[in-house]
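Contents: one structure, followed by commentary.
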Amino acid sequence: MYLAISKNHVPIRLTDERLKHIITNHPEMQNQTKNILLTVEYPELLLKGDFGELLAVRLFSKSPVSMNKYLIVAYKEISKLDGFIITAYFSRKINRSREVLWKT
């Protein structure tokens, strides 16, 4: 299990099961654990998800897919002391209609 601290100072878990699920559904996420945790801890943008989750977003100039891709990590903060990562994936653009909760 891996751990990151969110912008709200909540410990966010990335379990081995979730990491396996992420890699199975998004093979390009293989060997991206460090970047997933980095994105949760140091997002450039924090967006509101549709179902109470948060979306941490960080632009990477080089990704396994191509140049200049956003890494989006969806996670949920259950309490002030616990949260977990739902999924993570690279995208070439961000949904600008989402509510911005935090920005660098």
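Computed from a predicted structure; not experimentally measured.
Among residues two or more places apart in sequence or in another chain, the ring-ring contact (aromatic ring centres under 6.0 Å, His included) test is passed with H21 by none. Residues that satisfy the ring-ring contact (aromatic ring centres under 6.0 Å, His included) test with Y89, not counting sequence neighbours, are H26. With sequence neighbours left out, the salt bridge (Lys or Arg N to Asp or Glu O under 4.0 Å) criterion links E17 to no other residue. Looking at residues two or more places apart in sequence or on another chain, you find a side-chain hydrogen bond (donor to acceptor under 3.5 Å, both in side chains) between N95 and S97. Residues forming a side-chain hydrogen bond (donor to acceptor under 3.5 Å, both in side chains) with N31 (at least two apart in sequence, or on another chain): none. Applying the side-chain hydrogen bond (donor to acceptor under 3.5 Å, both in side chains) rule to S63 yields no partners; only residues at least two apart in sequence or on another chain are considered. Every side-chain hydrogen bond (donor to acceptor under 3.5 Å, both in side chains) that R13 has, sequence neighbours left out, goes to D82.
The closest side-chain heavy-atom distance from M67 to S61 is not below 4.5 Å. Counting heavy atoms from C-beta on, the side chains of F60 and F90 come closer than 4.5 Å. Side-chain contact check for I85 versus R18: every heavy-atom pair is 4.5 Å or farther apart.
Taking hydrophobic clusters as Ile, Leu, Val, Met, Phe, Trp and Tyr residues chained together by side-chain heavy-atom distances below 4.5 Å, Y75 shares a cluster with I23. Hydrophobic clustering (ILVMFWY, side-chain heavy atoms < 4.5 Å, transitive): I94 and W102 are in distinct clusters.
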Discussion item. Checking T87 against I72 for the side-chain contact (heavy atoms from CB on, under 4.5 Å) test, could you report, in this order, the C-alpha distance in whole Å, the side-chain angles of both residues, the deciding distance, and whether it holds?
Written reply: CA-CA 8 Å; T87 193; I72 301 173; over 6 Å; no
Worksheet item: Would K76 and L54 satisfy side-chain contact (heavy atoms from CB on, under 4.5 Å), going step by step from the backbone distance to the final call?
Response: CA-CA 6 Å; K76 197 146 198 169; L54 300 171; over 6 Å; no
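Listed by first and then second residue, the salt bridge (charged side-chain N to carboxylate O under 4.0 Å, His left out) pairs that reach into residues 49-70 are D50-R98, sequence neighbours excluded.
Other cluster members for F51: none, since no ILVMFWY side-chain heavy atom sits under 4.5 Å from it. Other residues sharing a hydrophobic cluster with L81 under the 4.5 Å side-chain heavy-atom criterion for ILVMFWY residues do not exist; the residue is a singleton. Under a 4.5 Å side-chain heavy-atom criterion applied to ILVMFWY residues, the cluster that includes I86 comprises I78, F84 as well.
In this structure, CD1 on I36 lies 13.5 Å from CD1 on I12, to the nearest 0.5 angstrom. We find the OG1-NZ distance between T15 and K20 to be 11.5 Å, quoted to the nearest 0.5 Å. Note that CD1 of I22 is 5.5 Å distant from CG of L14, once rounded to the nearest 0.5 Å. Of the inter-residue distances, the one linking M29 atom CE with L71 atom CG reads 4.5 Å to the nearest 0.5 angstrom.
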Please tabulate, for side-chain N and O atoms in residues 37-47, each donor-acceptor pair with protein atoms closer than 3.5 Å (sequence neighbours left out).
{"from": "T39", "atom 1": "OG1", "to": "N35", "atom 2": "O", "distance (Å)": "2.8"}
{"from": "E41", "atom 1": "OE2", "to": "I5", "atom 2": "N", "distance (Å)": "2.9"}
{"from": "E44", "atom 1": "OE1", "to": "L59", "atom 2": "N", "distance (Å)": "3.2"}

